[in-house]
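Here the structure comes first, spelled out in structure tokens, and everything after it is commentary.
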Protein chains: 2
Amino acid sequence: MKTAVAIVDDHYLMAQALAELIRRFNEYDVIFCAQSGRELQLQLDGKAKPEIVILDVHMADMSGQDIAGYLRQNYPDIKVLALSMMDDEQTIAQMIQQGARGYLLKGCRPSELRLALDDIRTKGYHYSDFLTKSLINQLNQPALAETKPLLNQRERDFIRLACSELIYVEIADKMCVSPRTVDGYRETVFEKLGVKSRQGLVMEAMRRGLI
Amino acid sequence: MKTAVAIVDDHYLMAQALAELIRRFNEYDVIFCAQSGRELQLQLDGKAKPEIVILDVHMADMSGQDIAGYLRQNYPDIKVLALSMMDDEQTIAQMIQQGARGYLLKGCRPSELRLALDDIRTKGYHYSDFLTKSLINQLNQPALAETKPLLNQRERDFIRLACSELIYVEIADKMCVSPRTVDGYRETVFEKLGVKSRQGLVMEAMRRGLI
DNA sequence: CCTAAATACGGGAAAATCCCCGTTGCGCAC
DNA sequence: GTGCGCAACGGGGATTTTCCCGTATTTAGG
């Protein structure tokens, strides 16, 4: 009996290619691919549920973290394997916190993907040395110790607007707050993300998949 | 007789997955995958040459443009199909200018990849409507009309340093020029890339794969 | 010799950003 | 009633960025 797998990746060609590779593993069958969190929701409404979802972390619509959180809340039996281009520890910690059972890089070998799927199927999780080390490094960060997310919704709103060519008074106007409030958001976000300039914020936000 | 294909993509898993998908096409055989321009050079020294190279545009080491230019100069019989996450017209024009015979997005369907490979094999190129439209849009840009690259080496150096948290006097120090010279670089680069702020520069540089 | 391109540098000032330090009002829990 | 957290806002000013306008030297081509 093959294990049902679904893939969520906004690059359709890459999702189909990955499906092809996984079908070669024999014990797994890719039952559908979705290009967004929304499409995943639609697929889950109709089709048979997958046992494992391979989830691209950086998505244009709903982020990988949001999708993982949605799955944990609505389909707790579905196990998530996160797949990412980058290995920043913050994102890894967030994905695990949202319920991902493993985290792989797109630069890994197919055998590592296979092993991850096998582990998730048999043990329920795949905790590679790399993943564990990232979490250990996060132990010294206050953000991980806290249960609430690092950034609240207004800070995320600010970040999204800051990653544009708008000046701060224009951002304040769009957020319907005083320019002074935006100054406050900036300081808080700079501190939380460990940056000290707006271009640094843009780069860090892209690195963490916040935009 | 199968057409020999090679894949250049720094994400090994995705390259292997793509290889698997292409092998399903029957008329094509993936003879090797390379994770960088340098590894591609090594592979070409030893193995049989591929007829077609599928080349990821945004690479960490040598860029897709550089690799395409290298292939055109050293292996003019090898045809390049560019593969990218993004569809900005500047990058498309540059890839075609460097000799790419087609340009696909990673969000396309496998059937489009198949058609592109078929066209390149039989006709020598695959000019999709989307690609042609991008080039037409570029006709009104002065950069395309010019034969030399949009950005010279010093401007690229500046951009790389500007995509950091250094302030401009620190950048001037690193480039061994006057801060006023850096002011000049900034204005030129802002104009050439069509941005008006440093964070805009960071985003555009990332979009165009300049860093 | 003239012209153009490449590379470097400068004056001046307005606008924007960043930094450090505060206050206020509301909702909620004890 | 009190204290805390959250969200919003403010004073003040130093620093940096951006914009607009210039000049100078060297090299190469016609």
Side-chain angles (χ1 to χ4, degrees), chain A residues 141-207 210-211, chain B residues 94 97 141-207 210-211:
Chain A
Q141 319 288 335
L144 183 64
E146 292 159 11
T147 53
K148 59 176 170 47
L150 177 68
L151 299 164
N152 63 35
Q153 187 56 46
R154 289 300 259 171
E155 286 162 347
R156 290 178 188 277
D157 292 344
F158 167 74
I159 289 173
R160 186 174 48 80
L161 289 166
C163 294
S164 75
E165 300 219 49
L166 297 165
I167 63 177
Y168 287 127
V169 296
E170 291 168 341
I171 291 175
D173 199 46
K174 280 186 175 295
M175 292 186 77
C176 303
V177 294
S178 161
R180 285 314 207 157
T181 303
V182 166
D183 286 348
Y185 285 139
R186 185 185 62 244
E187 285 192 56
T188 306
V189 159
F190 275 21
E191 184 182 352
K192 285 184 173 182
L193 299 188
V195 301
K196 59 185 184 184
S197 65
R198 188 167 170 180
Q199 71 274 4
L201 170 61
V202 167
M203 294 183 294
E204 187 65 18
M206 284 193 169
R207 218 173 64 76
L210 293 170
I211 51 168
Chain B
Q94 282 168 4
Q97 206 167 23
Q141 318 289 332
L144 183 61
E146 291 157 16
T147 54
K148 61 181 174 38
L150 177 68
L151 299 164
N152 62 36
Q153 188 56 46
R154 289 298 263 171
E155 286 161 348
R156 290 179 188 277
D157 292 343
F158 167 74
I159 289 173
R160 185 175 47 80
L161 289 166
C163 295
S164 75
E165 300 219 50
L166 297 166
I167 64 177
Y168 287 126
V169 294
E170 291 168 341
I171 291 175
D173 198 47
K174 280 185 176 294
M175 294 184 76
C176 303
V177 294
S178 161
R180 289 311 211 157
T181 303
V182 165
D183 288 347
Y185 285 139
R186 184 185 59 246
E187 284 191 56
T188 306
V189 159
F190 275 21
E191 186 182 350
K192 285 185 173 183
L193 299 187
V195 302
K196 58 186 184 185
S197 65
R198 188 165 171 184
Q199 71 275 3
L201 171 61
V202 168
M203 294 183 295
E204 188 64 19
M206 284 191 168
R207 221 173 61 77
L210 293 170
I211 48 169

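No experiment lies behind these values; they were computed from the predicted model shown. Lettering follows sequence order; numbering is per chain, from 1.
The CG atom of B:D183 lies 10.5 Å from the CD1 atom of B:I171; values are rounded to the nearest 0.5 Å.
Across residues 160-176 of chain B, B:I167, B:Y168 each have a non-hydrogen atom less than 4.0 Å from an atom of DNA chain D (numbered order).
Judged purely by atom type and a 3.5 angstrom limit, B:R198 has no side-chain atom pairing as donor or acceptor with the backbone of B:R186. A donor-acceptor pair under 3.5 Å is absent between the side-chain atoms of A:E165 and the main chain of B:Q199, judged by distance alone. A distance-only check finds a donor-acceptor pair linking the side chain of B:E170 to the backbone of B:I167 [under 3.5 Å].
When rounded to the nearest whole Å, the span between CZ of A:F190 and P of C:dC19 equals 7 Å. Atom NZ in B:K196 sits roughly 12 Å away from atom P in C:dT17 (whole-Å rounding). Here the C1' atom of nucleotide D:dG10 and the CZ atom of A:R180 are 6 Å apart, to the nearest Å. One can place CD of B:Q153 at 18 Å from C1' of C:dA5, the figure rounded to the nearest angstrom.
At the heavy-atom level, A:S178 lies under 4.0 Å from the strands shown only through sugar-phosphate atoms. Residue A:R154 is classed as a sugar-phosphate contact, given heavy-atom separations below 4.0 Å to backbone atoms only. Here B:R186 lies in heavy-atom contact (under 4.0 Å) with a base.
Side-chain contact check for A:E204 versus A:R207: some heavy-atom pair is nearer than 4.5 Å. Counting heavy atoms from C-beta on, the side chains of B:T181 and B:M175 never come closer than 4.5 Å. Using a 4.5 Å heavy-atom threshold, the side chains of A:L151 and A:L193 count as touching.
Looking at A:E187, its side chain comes within 3.5 Å of the base of C:dC20 through a donor and an acceptor atom.
Checking B:D183 against B:Q199, the closest nucleotide of DNA chain C that is more toward the 5' end is the one next to B:D183.
Side-chain nitrogen and oxygen atoms of A:N152 include at least one within less than 4.0 Å of the OP1 or OP2 phosphate oxygen of D:dA7.
The side chain of B:T181 lies closest to C:dC9 when the candidates are C:dC9, D:dG11, C:dC18. Comparing D:dT17, C:dG10, C:dT17 by their nearest atom to the side chain of A:R198 picks out C:dT17.
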